[in-house]
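In this chain, numbering begins with 1 at the start of the sequence shown. These figures come from a predicted structure and were not determined experimentally.
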Amino acid sequence: MHVFLPAAARDHPCATMSYRIQIQPEAGTLLRTLAPHTVLRLGRALADLADSISAGETPEQSELRVDDCVLQFVVNHAHRLVEVVHLEQREEAAVPYTAAATTA
């Protein structure tokens, strides 16, 4: 289980913590295989999500997309918890580069 601190809690030591973030073991296994910059971006996205939920916003979807990762989550308002239930890394379709040939 990994717990990311929301941005507000990191920036202001006296600030109250918004929602806790819990990563299920299966998602945590994949998380440990990702590049460090991807893990940081996922952590930031989760912290922002927790802050927005704490401020009373309701997420439109139950997933976050960062780089080529799709993270599925559920929100438990009674326990003030955002739980990551699934993490998937998808290969993005490579956009072929086509050089335009000019005829002289």
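With contacts defined as side-chain heavy-atom distances shorter than 4.5 Å, the pair C69/R41 does not qualify. I53 places a side-chain heavy atom less than 4.5 Å from the side chain of H77. By the 4.5 Å heavy-atom criterion applied to side chains, V75 and T58 are not counted as neighbours.
Atom OG1 of T29 is separated from atom CD of Q24 by 11.0 Å, given to the nearest 0.5 angstrom. To the nearest 0.5 Å, atoms CG (N76) and CD (E83) are separated by 8.0 Å. Remark: D68 CG to R90 CZ distance equals 10.0 Å, nearest 0.5 Å. Rounded to the nearest 0.5 angstrom, E88 CD and R65 CZ are separated by 9.0 Å. With rounding to the nearest 0.5 Å, the separation of CD in Q61 from CZ in F73 is 8.0 Å. With rounding to the nearest 0.5 angstrom, the OG1 atom of T38 is 9.0 Å from the CG atom of L40.
Under a hydrophobic-cluster definition in which Ile, Leu, Val, Met, Phe, Trp and Tyr are linked whenever side-chain heavy atoms come within less than 4.5 Å, directly or via other members, V85 and L71 are assigned to different clusters. Under the 4.5 Å side-chain contact rule for hydrophobic residues, V84 and V39 share a cluster.
Within the structure, no pair that satisfies the ring pair (Phe, Tyr, Trp, His ring centres under 6.0 Å) test touches residues 36-59, not counting sequence neighbours.
Between the side chains of H79 and Y19, not a single donor N or O lies within less than 3.5 Å of an accepting N or O.
Partner of L87 under the side-chain contact (heavy atoms from CB on, under 4.5 Å) criterion, chosen from I23, L34, V70: L34.
For the residue pair S54 and R80, the shortest heavy atom distance occurs at OG-NH2, 3.4 Å.
Under the side-chain contact (heavy atoms from CB on, under 4.5 Å) criterion, S52 pairs with L49, E57, sequence neighbours left out.
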